[in-house]
Amino acid sequence: MSDTPIPSLANRVRHIEAGAPVVGVHFLRNTPVFVLGEEHLLLQRQDEVQRVKVHGGAILASTSDGVRIVTGGDDGKLVATNADGNHEVIATDSKKRWIDQVALGPDGTIAWSAGKTAQVLTIKGELRSFEAPSTVAGLCFAPKGLRLAIAHYNGAMLWFPNAAGATPQKFEWKGSHLGVSVSPDGKYLITTMQESTLHGWRITDAKNMRMSGYSARVRSLGWTADGNFLATSGSEQLILWPFDGKDGPMGKQPKMLAPSQARVAVVASHPKQPVVAAGYSDGSVVLVRLDDGALVRARDADGQPVTALGWNATGQILAYGAESGDAGVLVL
Amino acid sequence: MLVLCTLPPNPLYLLLPEPLTLMPPASPSPAKIPVTVLTGYLGAGKTTLLNRILSEPHGKKYAVIVNEFGEIGIDNELVVNADEEVFEMNNGCICCTVRGDLVRIIDGLMRRKGKFDAIIVETTGLADPAPVAQTFFMDEAVGAKTKLDAVITVADARWLKDRLKDAPEAKNQIAFADVILLNKTDLVSEAELAEIEARIRGINPYARLHRTQRANIALDEVLGRNAFDLDRILDIEPAFLEVDGHDHDHHHDHGHDHHHHHGGLKHYHDEDMQSISIKTDKPLNPDKFFPWVQDLVATEGKGILRCKGILSFKDDPERFVFQGVHMILDGDHQRAWKADEKRDSRLVFIGRKLPEDKIRKGFESCIA
């Protein structure tokens, strides 16, 4: 970060020793839950930490809608865990392949993938399956939850799991697309690529956008509450692409805030305000106000990369996790 | 198209500017997990070697990445099936191919860090080793957590000669190797062995070559080789006369056709795949050498499978070492030249239809 001192809330953080690398942070209502690299979830309650074993190996992917956390593991299992720590196996891959992508729709529909196969379990209990042209590398539901976005080699698709026989809408761009996101207004499909770039399509006409200049692969992104910006990791500053205009970021420069010697490793947009939390590869966490770039520190640099960041639904609690196994909760 | 920003180049990028793709500078991180790549044509004995490695009483734990078509059982706790998905990087470099499945698998495996000491990747018999190797240099996250140790190629003593004629994959695997196990030597005569070794040396005179039966080999000959470690580029002399694991009492069938003889060993020239060795005792001009080698790999990188070099630059007290895979180059100052050390510059290229005259003339123009 810059040399000028910035206000710090780091001394108000409640620390939890996770004992293993933290790979995800979610909230089940107001309970912060830390997803560990192997086997366990840690539920941080008022006065106790509940450690729940949900997988028999690495936890490869996790997502949450605030009611459940859905995780995929290298044990070939898809597991849902609720706020009480109760968990159930939703699906087991028949070939015990890794379940490495998971997504949750707004109505509770669950999607996951193993290899080239993407599957969807509707709230009515119907199972749908789709074979992608190559390994599924990213999954997310479009905002209304009717379409599932699938990233793969040489492009992405929008698949309607409930429209039997419907041809998926295809978006092509050569290369390996790893992560996928749809803008809150449903107009843009964005992928992160193996190269240090983002690719995007305007969904109506499949017009291509390429957002480049990053120093590393973009591994974390998130839309601001108003949908006006896409916040991304992968550079030595927080990169925010403007999506407020008619053509999204086409022909525009991004906003670049919170410059540092270290690279932004993970981002989490505040659920209500134009504020983004950014975690860096040197361990620092800052809150960035987008209007004026004002910063508040939430964690001091210690050389251990920040690996997970998340807000509760009201935006009053920020939780983070680091590769070192340090987890923290900051109540604002 | 939108361009976001351009970052200040690091010193190595200044040395070898765009469009050359560089491996990230090696950081002195001892915690990187070594990765050994096992290649070899169908039926050569890769899985036998793999099971031998796993069953030895070494006290180490391995994560094993096998191809999804592997049919023979592997007795190991951590086995992952890979689908060998190869794709091109979008950087204008057509031979910068990467194994996308490895990127994902290694990312997943690293969540279990501490549960294994090393990773072994077994490829299919038809696989090209280059995309596997390039993955470790093209993906920053993979390169930060793991390091490529060596490419081990298992060859079938009985059938390799035929495969070199009809299977370009088999030739690639020999050319790319750091260590070659000439396996099933009990199925051929001594004369045939000498013949096939000479054929291997005609393609790749730099790999360590071992004769084995049922892939029986000391583990330290295949693991912990540090073959891609710049600090270990010490000696790049060809090994025409060095064949391990047997006595050197060859019985040669003399007096026939067109082969050359070096120290009693036959020397073959492979029409398709060659190695070129260049040496000079004159110091080089770095301002000429770097643009030259950059242009060379940019234009001929598709045919260059591997390259290595130890360089002496004019007025530079340190020796510079580099190595490369296709268009990717990795280089750095290694250490100061010793007082009693001859300041030679040596380069080797292994590749397909290499333009030898162009390479030699180009190199000569770099002499200071």
Side-chain angles (χ1 to χ4, degrees), chain A residues 20-21 23 36-39 57-61 73-74 95-98 100-101 115-116 134-135 137 152-154 173-176 178 193-200 208-217 219 232 234-237 239 241 249-254 256 263 281 305 323, chain B residues 1-10 13 21 24 27 29 31 63 65 68 77-94 96-116 131 134-135 137-145:
Chain A
V23 297
L36 306 189
E38 279 188 283
E39 299 183 351
I59 303 178
L60 301 170
D74 73 358
K95 297 179 204 155
K96 209 176 166 260
R97 290 177 300 179
W98 291 14
D100 52 9
Q101 300 299 328
K116 294 176 186 172
S134 59
T135 300
H152 51 82
Y153 291 137
N154 299 330
W173 188 262
K174 206 163 172 289
S176 177
L178 296 175
M193 299 198 67
Q194 172 70 42
E195 296 81 11
S196 302
T197 62
L198 299 182
H199 196 81
N208 288 287
M209 296 177 273
R210 191 174 161 211
M211 291 156 266
S212 63
Y214 293 95
S215 62
R217 209 163 94 200
R219 296 165 78 90
T232 63
S235 184
E236 283 73 8
Q237 55 242 301
I239 304 296
W241 293 95
M250 285 186 243
K252 292 186 194 165
Q253 288 294 310
M256 294 184 273
R263 194 178 281 152
S281 58
E323 198 171 279
Chain B
M1 298 281 181
L2 307 173
V3 175
L4 172 83
C5 63
T6 312
L7 286 146
N10 71 31
Y13 277 85
T21 309
S27 58
S29 163
I65 302 172
E68 62 182 332
E77 193 185 329
L78 213 50
V79 178
V80 191
N81 282 296
D83 42 22
E84 302 212 339
E85 288 181 315
V86 175
F87 66 90
E88 285 171 21
M89 294 288 285
N90 263 336
N91 55 6
C93 160
I94 47 162
C96 280
T97 47
V98 171
R99 281 271 302 270
D101 55 332
L102 277 186
V103 174
R104 279 191 305 277
I105 288 169
I106 287 173
D107 186 56
L109 279 177
M110 293 320 290
R111 292 171 189 235
R112 306 194 72 179
K113 204 177 172 185
K115 295 291 192 295
F116 55 90
Q134 289 172 167
T135 303
F137 303 112
M138 296 305 293
D139 188 85
E140 185 239 359
V142 168
K145 304 276 187 193

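All chains are named by letter (A, B, ...) in the order of the sequence lines, taking the proteins before the strands, and each is independently numbered beginning at 1.
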Residues that A:Tyr153 engages under ring-ring contact (aromatic ring centres under 6.0 Å, His included), provided they are two or more places apart: B:Phe87
Ion pair B:Asp107/A:Arg219, N-O distance below 4.0 Å: yes
Euclidean distance, A:Ser176 OG relative to B:Glu85 CD, rounded to 0.5 Å: 8.5 Å
Nearest heavy-atom neighbours spanning A:Ala58 and B:Gly108: CB-O, 3.9 Å
Euclidean distance, A:Glu195 CD relative to B:Glu88 CD, rounded to 0.5 Å: 10.5 Å
Minimum heavy-atom distance between A:Leu60 and B:Arg111, given as atom pair plus value: O-NH1, 3.6 Å
Distance, nearest 0.5 Å, that separates CG of B:Asp101 from CH2 of A:Trp98: 10.5 Å
Atom pair CZ/OG1 of B:Arg104 and A:Thr135 - distance to nearest 0.5 Å: 4.0 Å
Verdict with reasoning, B:Arg112 to A:Asp74, per salt bridge (Lys or Arg N to Asp or Glu O under 4.0 Å): CA-CA 10 Å; B:Arg112 306 194 72 179; A:Asp74 73 358; 3.5 Å; yes
Region of A:Lys96 that comes under 4.5 Å of a non-hydrogen atom in chain B: neither
Derivation and outcome, side-chain contact (heavy atoms from CB on, under 4.5 Å), residues B:Asn81 and A:Arg97: CA-CA 8 Å; B:Asn81 282 296; A:Arg97 290 177 300 179; over 6 Å; no
Which atoms of A:Ile59 approach chain B - backbone, side chain, both or neither, heavy atom under 4.5 Å: backbone
Pairs of heavy atoms under 4.5 Å with chain B: top-ranked of A:Lys116, A:Glu39, A:Arg217, A:Lys95: A:Arg217
Residue pair B:Lys113, A:Glu323: steps toward the salt bridge (Lys or Arg N to Asp or Glu O under 4.0 Å) verdict: CA-CA 11 Å; B:Lys113 204 177 172 185; A:Glu323 198 171 279; 5.5 Å; no
